[in-house]
Amino acid sequence: MNIETKLADSVSKAIEALYGVTPLAAQIQLSKTKKEFEGHLTLVVFPFLKVSKKNPETTANEIGQWLAENESAISAFNVIKGFLNLTIAPAVWVEMLEDINNNKTFGVKQADSDSPLVMIEYSSPNTNKPLHLGHVRNNLLGFSISEILKANGNKVVKTNIVNDRGIHICKSMLAWKKWGEGVTPESSGKKGDHLIGDFYVMFDKHYKAELKELMAKGMSEDEAAAASSLMAEAREMLRLWEAGDKEVRKMWEMMNSWVYAGFDETYKMMGVDFDKIYYESQTYLEGKEKVIEGLEKGLLYKKEDGSVWADLTPQGLDHKLLLRGDGTSVYMTQDIGTAKIRFKDYPIDKMVYVVGNEQNYHFQVLSILLDRLGFKWGKDLVHFSYGMVELPEGKMKSREGTVVDADDLMQEMIDTARETSQELGKLDSCTKEEADEIVKTVGLGALKYFILKVDPRKNMTFNPKESIDFNGNTGPFIQYTHARIRSVIRKAEAEGIAIPSEISKNIQLSEKEESLIQNLSSFPAVVKDAGDNFSPAVIANYIYELVKEYNQFYHDFSILKEENADLRAFRLVLSDNISKVIKTGMALLGINVPERM
């Protein structure tokens, strides 16, 4: 039990004893005491004035007096207007640190057989181009949210839906067929996803050139687009694909296999994974079936041209197309099909879609349709809607080839980490293998932390140079602090100083030491808050504040040179557990922390 829970229970008893009423849990508001006041936790007494029938100061004094006499954890109190500041007894802090020290999985709950199953969809790449900066934010958020929900005691299935069919895929295929001269990833020395991305850009260049030529002959842009022979060929290829043409399907399978091999390399480098991957080519027909079933049940309606629609006006929305007149499906149909297969594969309690905020309307509609078509979790599906990420130079466009590839970005981060680390002399005592591992850990940690520390719902600008600073709110600053603590622990072991499981209760703690334990003890509540709000930023910023405070402590207090053996032992236990929480918290962000730097 953490100190807030313990004191909330005591405050409830105090109200009952003093005023004969059991307060609601929501009325007991405890928060960290502001720095300018004496105390550790502050109770807001205004919710109790109705039952005390007294002014705020008198009420606060009465509650404070009762707690001082009946709750051994309270050593003193003071009242500032309607706020009761409570001081926690020194021995309580030591006990709390011992509890944290003896709990190897502090802050993390394990799932059991009754835990809800949450499925989280993220990544959702297209097989016509490599992953880019936007995918990086998506993957990092999806993976981190999965880890945070696991830490909150949920069973989690991480899933990916690959957009492997459609006109955009045919554009790359057609360009390769027309101008590729049989090139392969092996013959070109390129990753497969990059190679196919080049052909997507190539198609767009040829298409634009054709439009320019047609418009020079007097056509409008719309007329030129309608007359484009290149686009007609792409549409014909899609028609052949849907008809199961053997030659088109064979080329599609070959080119997709190149892309998947490339994606796997990128995911591995990024440190993200999936429990199950679905493919649109395998789900869109299931979606059509489900829509036709909904039509037969009178849940949907058909227009004269044969197209199938959903009337969403009762929910304040419009009419939504689900099947075109020619029977081909739209994105919504595919998502319904994917949901149907997933529901068959897993007993899903909650479904979380990690998709950018430009798709807000889509998921609002999907939720209504899934509920209407009988999926029990449809109404409660979560669209984790996040903001866009850009570079300082501005927006990126896949068709024009101005996108920052995820692979290039990660390599740039590793190169920058090496450069910065060498300048600061942080690799001087490392072997080449150690240095390579450290710069990879630091470079990718910088990238992940910079992206995850921002409120995910906001748009953001990613600045590679800023993210690798070894000072301030950055991944390397936190990683370096962890390595520094592990260095202290190694030195203690080398000097024969063991970390005890029990700490002396007779030591005098400084305010900074008490504050560090108080911060440490709030880690489980932070993990819960991050899970409730699907926000890795909550954990990122908590760790930064903890690390910043520890560095002030490290600067102002001796650890190994402390002459009082009990105090030295306490400071080692405190340091060791701060490194434990840093490591656990950063792992929830998908970030590794090195033992040495």
Side-chain angles (χ1 to χ4, degrees), residues 119 121 124 126-128 159 161-171 222 225-226 231-232 234-245 248-249 252 278-346 348 351-353 355-356 358-383 385:
M119 180 176 273
E121 175 192 294
S124 312
N126 294 332
T127 57
N128 63 324
T159 182
I161 174 77
V162 178
N163 305 304
D164 64 340
R165 61 172 291 279
I167 192 72
H168 50 295
I169 310 298
C170 290
K171 288 175 183 178
D222 288 346
M231 193 61 81
R235 285 200 197 96
E236 174 60 12
M237 187 174 270
L238 179 59
R239 190 193 67 75
L240 289 169
W241 182 92
E242 294 209 355
D245 181 87
V248 171
R249 285 284 178 133
W252 171 75
Y278 293 91
Y279 300 89
E280 261 188 30
S281 57
Q282 295 164 7
T283 67
Y284 82 106
L285 291 174
E286 296 272 1
K288 286 170 79 168
E289 271 181 36
K290 197 71 186 168
V291 167
I292 290 161
E293 183 190 308
L295 180 66
E296 287 166 358
K297 288 180 179 174
L299 303 171
L300 308 169
Y301 70 93
K302 188 182 269 192
K303 285 191 177 179
E304 285 177 11
D305 65 354
S307 58
V308 179
W309 295 72
D311 179 5
L312 304 174
T313 52
Q315 285 81 23
L317 300 172
D318 51 10
H319 293 256
K320 181 68 187 172
L321 172 69
L322 296 177
L323 281 178
R324 297 187 187 96
D326 62 3
T328 56
S329 59
V330 295
Y331 270 119
M332 192 65 70
T333 327
Q334 293 157 12
D335 274 348
I336 291 167
T338 308
K340 178 185 170 184
I341 295 173
R342 284 172 175 165
F343 196 68
K344 205 161 50 180
D345 289 347
Y346 297 94
I348 299 168
M351 181 75 214
V352 180
Y353 293 87
V355 182
E358 76 278 12
Q359 294 291 331
N360 286 353
Y361 171 76
H362 177 89
F363 284 97
Q364 192 182 357
V365 171
L366 182 63
S367 176
I368 294 165
L369 291 175
L370 289 176
D371 182 56
R372 189 180 290 185
L373 295 169
F375 295 96
K376 67 176 185 180
W377 48 264
K379 194 183 289 182
D380 299 321
L381 75 77
V382 175
H383 170 210
S385 170

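Note that these values count all heavy atoms, side chains included, but never hydrogens, waters or copies made by symmetry.
When all heavy atoms of Ala234 and Lys171 are compared, the pair lying nearest together is CB-CG, 4.5 Å. Of all the heavy atoms in Leu369 and Ala310, the pair that sits closest is CD2-CB, 3.5 Å. Pairing each heavy atom of Asp164 with each of Thr127, the nearest pair is CA-OG1, 3.5 Å. Contact detail for Lys288 and Ser329: the closest heavy-atom pair is CG-CB, 4.1 Å.
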(Q) With side chain to side chain contact (heavy atoms under 4.5 Å, CB included) as the criterion, how do His362 and Val355 come out once you've worked through the C-alpha distance, each side chain's angles and the decisive distance to 0.1 Å? (A) CA-CA 10 Å; His362 177 89; Val355 182; over 6 Å; no
Q: Would you please test Leu366 and Tyr353 for side chain to side chain contact (heavy atoms under 4.5 Å, CB included) and show each step?
A: CA-CA 11 Å; Leu366 182 63; Tyr353 293 87; 3.9 Å; yes
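Applying the side-chain hydrogen bond (donor to acceptor under 3.5 Å, both in side chains) test to Arg324 and every residue at least two apart in sequence or in another chain returns Thr328. Shown here are the ring pair (Phe, Tyr, Trp, His ring centres under 6.0 Å) partners of His168, two or more places apart in sequence or in another chain: there are none. The side-chain hydrogen bond (donor to acceptor under 3.5 Å, both in side chains) check on Trp309 picks up Ser307, with sequence neighbours excluded. Every residue two or more places apart in sequence or in another chain that forms a side-chain contact (heavy atoms from CB on, under 4.5 Å) with Asp245 is listed here: Leu240, Glu247, Val248. Not counting sequence neighbours, the partners of Ile368 by the side-chain contact (heavy atoms from CB on, under 4.5 Å) test are Leu312, Gln315, Leu317, Arg372. Shown here are the side-chain hydrogen bond (donor to acceptor under 3.5 Å, both in side chains) partners of Asp222, two or more places apart in sequence or in another chain: there are none. Applying the side-chain hydrogen bond (donor to acceptor under 3.5 Å, both in side chains) test to Thr283 and every residue at least two apart in sequence or in another chain returns Thr338. For Ala226, there are no side-chain contact (heavy atoms from CB on, under 4.5 Å) partners two or more places apart in sequence or in a different chain.
Note that CG of Asn163 is 12.0 Å distant from OH of Tyr279, once rounded to the nearest 0.5 Å. Taken from CD in Glu280 to CZ in Arg165, the straight-line distance is 6.5 Å, to the nearest 0.5 Å. Expressed to the nearest 0.5 Å, how far CE of Met119 lies from CH2 of Trp377 amounts to 8.5 Å. With rounding to the nearest 0.5 angstrom, the CZ atom of Phe375 is 9.0 Å from the CD1 atom of Ile348. Of the inter-residue distances, the one linking Gln334 atom CD with Ser281 atom OG reads 10.0 Å to the nearest 0.5 angstrom. If you take NZ on Lys290 and CD1 on Ile292, they are separated by 12.5 Å, rounding to the nearest 0.5 Å.
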Less than 3.5 Å apart, which donor and acceptor atoms pair up between the side chains of residues 339-346 and the rest of the protein, not counting sequence neighbours?
| residue | atom | partner | partner atom | Å |
| --- | --- | --- | --- | --- |
| Lys340 | NZ | Glu286 | OE1 | 3.0 |
| Lys340 | NZ | Glu289 | OE1 | 3.3 |
| Arg342 | NH1 | Glu121 | OE1 | 2.8 |
| Arg342 | NH2 | Glu121 | OE1 | 2.9 |
| Asp345 | OD2 | Tyr278 | OH | 2.7 |

For residues 294-302, which side-chain donor-acceptor pairs fall under 3.5 Å, sequence neighbours excluded?
| residue | atom | partner | partner atom | Å |
| --- | --- | --- | --- | --- |
| Lys297 | NZ | Glu293 | OE2 | 3.3 |
| Tyr301 | OH | His319 | ND1 | 2.7 |

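Side-chain atoms of Ser367 come within 3.5 Å of backbone atoms of Gly378 as a donor-acceptor pair (strictly under, hydrogens ignored). Remark: side-chain polar atoms of His383 are not paired, donor with acceptor, to backbone N or O of Gln364 under 3.5 angstrom.
Residue pairs that meet the salt bridge (Lys or Arg N to Asp or Glu O under 4.0 Å) test with at least one member in residues 306-320, sequence neighbours left out, do not exist here.
Under a 4.0 Å N-O distance rule, the pair Arg239/Glu242 does not qualify as a salt bridge.
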